Protein chains: 2
Amino acid sequence: MTLHHPAPEELELPAVLHALSDPQRLEIVRCLAEDPSPRRCGTFELTVSKSTLTHHFRVLREAGVIEQRADGTARLNSLRREDLEQRFPGLLDAVLGSVPASA
Amino acid sequence: MTLHHPAPEELELPAVLHALSDPQRLEIVRCLAEDPSPRRCGTFELTVSKSTLTHHFRVLREAGVIEQRADGTARLNSLRREDLEQRFPGLLDAVLGSVPASA
DNA sequence: TCGTTGGTACGACGATCATCGTAGCAAAAG
DNA sequence: CTTTTGCTACGATGATCGTCGTACCAACGA
């Protein structure tokens with residue numbers, strides 16, 4: 001089962017902003033930015049259930065904010081920094097600079 | 001009836017991102033940024049009803065994106081550029097730079 | 001005074017959202 | 001082979017969202 005990722009030119013601003021407008025997803029993105037090495041879904045200390053976590057990762061992926069790569073039964077998540085920067089210059093940095101250091 | 005505006009330090013990133021995640025509101029903000037002189041609600045060429053327009057302006061105001069000042073029966077709208085810049089540096093410019101010139 | 005204008009309040013509608021639990025699957029570990 | 005691990009799929013639930021129409025109000029112009 002291949003995961004769908006929007007192409008760089010398909011990224012839409014409202015969708016990206018909506019993806020970033022949830023505190024849980026903002027925290028995911030913050031963690032991903034803090035440590036650029038791809039990270040598994042389970043390694044985020046979020047106080048939500050596993051199904052909810054899956055939901056948030058899908059929203060981020062379908063908006064084009066993160067990339068999810070299969071690795072066995074796990075998923076490796078990483079930020080699509082370059083794609084976001086090219087399409088929406090400065091946006092991700094502005095968001096990351098405005099989010100508190102630790103949730 | 002005094003309109004409620006959040007104080008600069010009360011602005012919350014998720015709320016602002018959510019306010020900006022709707023195409024209609026994005027268009028309002030784009031127009032407001034294009035021409036910095038305060039503008040009345042009715043002067044935006046949006047294809048929605050008056051009640052919907054009122055709703056969108058309220059969401060923007062309550063998130064702290066715009067300021068609404070009473071002027072007779074009208075409302076003068078303006079962007080809260082300085083407040084946004086101080087709280088979320090670079091965010092508004094990044095958003096405005098990413099939104100298409102004309103919707 | 002009487003319309004007209006610019007906007008709000010309220011209630012409604014269907015759609016989407018965030019959340020969860022349960023069930024399940026595929027890969028890795030034993 | 002069996003168990004565990006990591007995650008998804010599905011369905012449900014209550015909340016919020018975007019949209020609208022109707023009713024209304026306050027200020028202005030004739």
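What you see is a predicted model, and the numbers here were worked out from it, not measured in a lab.
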Nearest whole angstrom, please: distance from the [atom2] of [N] to the [atom1] of [X].
{"X": "A:Leu46", "N": "D:dC7", "atom1": "CG", "atom2": "C1'", "value": "15 Å"}
{"X": "A:Leu3", "N": "D:dT8", "atom1": "CG", "atom2": "C1'", "value": "10 Å"}
{"X": "A:Leu20", "N": "C:dC17", "atom1": "CG", "atom2": "P", "value": "14 Å"}
{"X": "A:Asp71", "N": "D:dT5", "atom1": "CG", "atom2": "P", "value": "17 Å"}
{"X": "A:Arg75", "N": "C:dA26", "atom1": "CZ", "atom2": "P", "value": "13 Å"}
{"X": "B:Ile28", "N": "C:dG7", "atom1": "CD1", "atom2": "C1'", "value": "14 Å"}
{"X": "A:Phe44", "N": "D:dC7", "atom1": "CZ", "atom2": "C1'", "value": "14 Å"}
{"X": "B:Asn77", "N": "C:dG6", "atom1": "CG", "atom2": "P", "value": "14 Å"}

Exercise. Is B:Leu84 linked to B:Val99 within one hydrophobic cluster, defined over Ile, Leu, Val, Met, Phe, Trp and Tyr using a side-chain heavy-atom separation of less than 4.5 Å?
Worked result: yes
Exercise. Would a distance-only check, ignoring hydrogens and angles, find a side-chain to backbone donor-acceptor pair under 3.5 Å from A:His5 to A:Gln68?
Worked result: yes
Exercise. Would you say A:Arg58 reaches D:dT8's phosphate, i.e. side-chain N/O to OP1/OP2 under 4.0 Å?
Worked result: no
Problem set entry | Nearest heavy atoms of A:Arg75 and A:Ala70, plus distance in Å | NH1-CB, 4.5 Å
For this session: Please list, chain by chain and in numerical order, all residues satisfying side chain to side chain donor-acceptor pair (under 3.5 Å) with B:Asp35, sequence neighbours excluded.
Result: B:Ser37
Side-chain polar contacts of residues 11-22 of chain A - donor-acceptor pairs under 3.5 angstrom, sequence neighbours left out - could you list them?
unit_1: A:Ser21; atom_1: OG; unit_2: A:His18; atom_2: O; d: 2.8
unit_1: A:Asp22; atom_1: OD1; unit_2: A:Gln24; atom_2: N; d: 2.8
unit_1: A:Asp22; atom_1: OD1; unit_2: A:Arg25; atom_2: N; d: 3.2

For this session: Sugar-phosphate atoms are those with a prime plus P, OP1 and OP2; base atoms are the rest. Using that split, label each nucleotide of nucleotides 18-30 of chain D B, S or - for protein heavy atoms under 4.0 Å, 5' to 3'.
Result: BBBBB---BB---
Exercise. Would one find more than 12 heavy atoms of other residues, nucleotides or ligands at under 6.0 Å from atom CD of B:Glu10?
Worked result: yes
Exercise. Of the candidate nucleotides D:dC7, C:dG6, D:dT8, which contains the atom at the shortest distance from the side chain of B:Arg40?
Worked result: C:dG6
